[in-house]
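On a predicted model such as this, the values are computed, not experimentally measured, just so you know.
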Amino acid sequence: MSELTYESASGRLEAIIERLDSGEAGLRETLELCREGRGLVEYCAAELDEVSKGLDALRLDELVARLEG
Amino acid sequence: MAVRTASSGIPGSALPGPYGVGEYAAALRERLRGFASVQLVGEACDVKVTRARVYFELRDERGAIPCAMWREDFEALGLPQGALAGGAQVVVAGGCDFYPGSAASSPHFSFAVSDLRIAGEGDLLARIERLRRRLVAEGLCEPQKRLPRPALPRTIGVVCGERAKARDDVLAGLERRGWAGRLVWAFAPVQDRHAAPAIGRALTDLASLQELDVIIVARGGGSLADLLAFCDETLCRTIALLRIPVIASVGHHTDRTLIDDVAAVSCSTPTHAAEAAVPLHVAAARERLGRDSARLTRHGRRAVADRARALARLSRAPGEHVARHRRELRQELRELRASARRRIGVEEGATQARGRALARRAAAAAGADRGARERRLDGLAAALSAHEPQRTLARGYALVEDAGGRPVTDSRAARAAGSVRIRFADGTTGARIEDA
């Protein structure tokens, strides 16, 4: 299974909601899709949190010096 | 030239002097001006137009000469706008000149241009075009474009001049996206001959960072000569083979450098490059995620509630079915009774009508002497009643009967009976026959 990314997670979430909106999913499938969807929402929210914490600016030369030193 | 006696020369030197530098500079100018006027051909670079003069450099593979032309003379040529641009192949006519400077200003050598002709596309541009075709033919413009670009990078590398305006523009673009993750600045010169190798090193160092998702290379506009570093073949090949997508933003809308071709994405400004690096608007994505989350919850609840309602409906169904049938049966019974009543009424009416019709027909069949016949019948009935025994008894006669109630009509029968019963009008009494 390929590594989860924000775009793959949000794409899958979109597909889940589309399936649920269609009204064709039975009770068991609906509950399973809801459970999977909630996991994806948590993942996406964590990814958004990662890029909302405040700009963390570094200098490459300092990083290189630190790695070499 | 006169030797300055106030300052002594270098001891042991066989050279003449020392001469005053201004005097020497003036002599140099005279000597340079004495050079024969000629025509030169080369590529124009670093074209600058000031109020009084037009400055540029003429270059070829073996050297370069700074040139200056009076603005008035240049405009008298009537060249199209922008014809004298970096990279243009130019033929100039003129001669050497030298500004000797002063205590407050620097000296300056230039080729004083008296006439100028644009010779066609410059070699520089032609060379760039040849290199572009080679890179395309080798397929080096494709690998970067095939790399996946994350919609929401966590770490972005930026290559730009340390004090360049492009740096602020990148930050503005990232802020516009609402992105505030990790940024790694790789500052490098972006226009001299050291630029291309320095940019290449910065890119490979950035690409060696595991967590890096995308790299932006940004530089503002400039002449073709200024942007030449971004047409460097080695730099282009380095970018083409990087495993991390590079977003290039070099120059303005009209400039097209070779790294624009090999990079994953080419943008017109550093702000756009930052926006291309973060395709997602973070705040909008968060709102959308909130909506999706609410929809999921709604679907989950509705799925359970709908089915619970359906089950409740099914559990009530048999009772409702019986009640519905009972209601229907009662209705049918009411209708049946009403129908029967209506039918009886109709039949009664018909029977009465038939009775009336029969009476009418009977009356018609009896004829006109019906009254006389009735009267005669009454007379006969009266005569008949006059002969009834009861009437005779009322007049004082008596009827003798034997024990069996049979009439005794003669004396012999009376004697034979011994005892008889005598019936009067008001009753019956017994009697014994005695013969004297």
Side-chain angles (χ1 to χ4, degrees), chain A, chain B residues 148-159 162 167 171 174-175 177-188 201-206 208-209 212-213 215 278-280 282-304 306-308 310:
Chain A
M1 189 176 167
S2 60
E3 193 186 347
L4 195 61
T5 62
Y6 185 89
E7 47 271 40
S8 66
S10 57
R12 173 66 186 145
L13 186 58
E14 206 170 296
I16 285 175
I17 286 174
E18 198 172 309
R19 172 72 181 155
L20 291 173
D21 283 346
S22 75
E24 290 170 0
L27 179 62
R28 185 179 296 275
E29 188 189 355
T30 299
L31 295 179
E32 279 171 6
L33 289 175
C34 286
R35 191 176 307 119
E36 185 188 352
R38 277 194 292 277
L40 293 169
V41 166
E42 279 175 23
Y43 170 82
C44 290
E47 288 294 299
L48 289 171
D49 288 344
E50 275 297 316
V51 298
S52 307
K53 290 186 295 193
L55 204 64
D56 177 20
L58 305 169
R59 286 182 65 116
L60 177 66
D61 46 7
E62 288 174 2
L63 276 178
V64 171
R66 204 184 306 165
L67 290 171
E68 288 175 349
Chain B
R149 283 190 295 125
L152 194 65
R154 284 186 175 193
T155 308
I156 300 175
V158 183
V159 180
E162 186 164 5
R167 181 181 176 178
L171 285 173
L174 293 176
E175 193 180 350
R177 286 286 193 236
W179 187 92
R182 173 168 288 185
L183 201 59
V184 182
W185 294 107
F187 298 120
R201 268 196 310 279
L203 285 167
T204 47
D205 285 349
L206 280 174
S208 68
L209 301 174
L212 210 75
D213 294 312
I215 299 174
V278 187
L280 215 64
V282 175
R286 201 179 283 282
E287 277 177 25
R288 192 163 56 246
L289 195 62
R291 283 198 300 275
D292 288 349
S293 177
R295 285 171 79 180
L296 278 178
T297 306
R298 213 163 41 242
H299 273 298
R301 282 184 186 156
R302 193 184 296 159
V304 174
D306 283 355
R307 282 157 182 85

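- Of all heavy-atom pairs between Ala25(A) and Arg307(B), the closest is O-NH2, 3.6 Å.
- Minimum heavy-atom separation, Leu296(B) to Leu20(A): CD2-CD1, 3.7 Å.
- Electrostatic pairing of Asp49(A) and Arg286(B) counts as a salt bridge here, judged by a charged N lying under 4.0 Å from a carboxylate O.
- Taking a cutoff of 4.0 Å between a charged side-chain nitrogen and a carboxylate oxygen, Arg154(B) and Glu47(A) qualify as a salt bridge.
- Defined by atom type and a distance below 3.5 Å, a donor-acceptor pair is missing between the side-chain atoms of Arg288(B) and Ser10(A).
- Here the closest heavy-atom approach between residue Glu162(B) and residue Arg59(A) is recorded as OE2-NH1, 2.7 Å.
- Most heavy-atom pairs under 4.5 Å with chain A, from the set Thr155(B), Asp292(B), Val282(B): that is Asp292(B).
- When every heavy atom of Leu289(B) is checked against every heavy atom of Val41(A), the shortest pair comes out as CD2-O, 3.7 Å.
- Neither the backbone nor the side chain of Thr5(A) has a heavy atom closer than 4.5 Å to any heavy atom of chain B.
- Across every non-hydrogen atom of Ala186(B) and Leu60(A), the tightest pair is CB-CD2, 3.6 Å.
- When Gly300(B), Pro148(B), Pro150(B), Gly157(B) are compared by the number of non-hydrogen pairs under 4.5 Å with chain A, Pro150(B) comes out ahead.
- Contacts between Leu31(A) and chain B at a heavy-atom distance below 4.5 Å involve the side chain alone, from C-beta outward.
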Could you please spell out the steps behind the side chain to side chain contact (heavy atoms under 4.5 Å, CB included) verdict for Glu175(B) and Leu55(A)? CA-CA 9 Å; Glu175(B) 193 180 350; Leu55(A) 204 64; over 6 Å; no

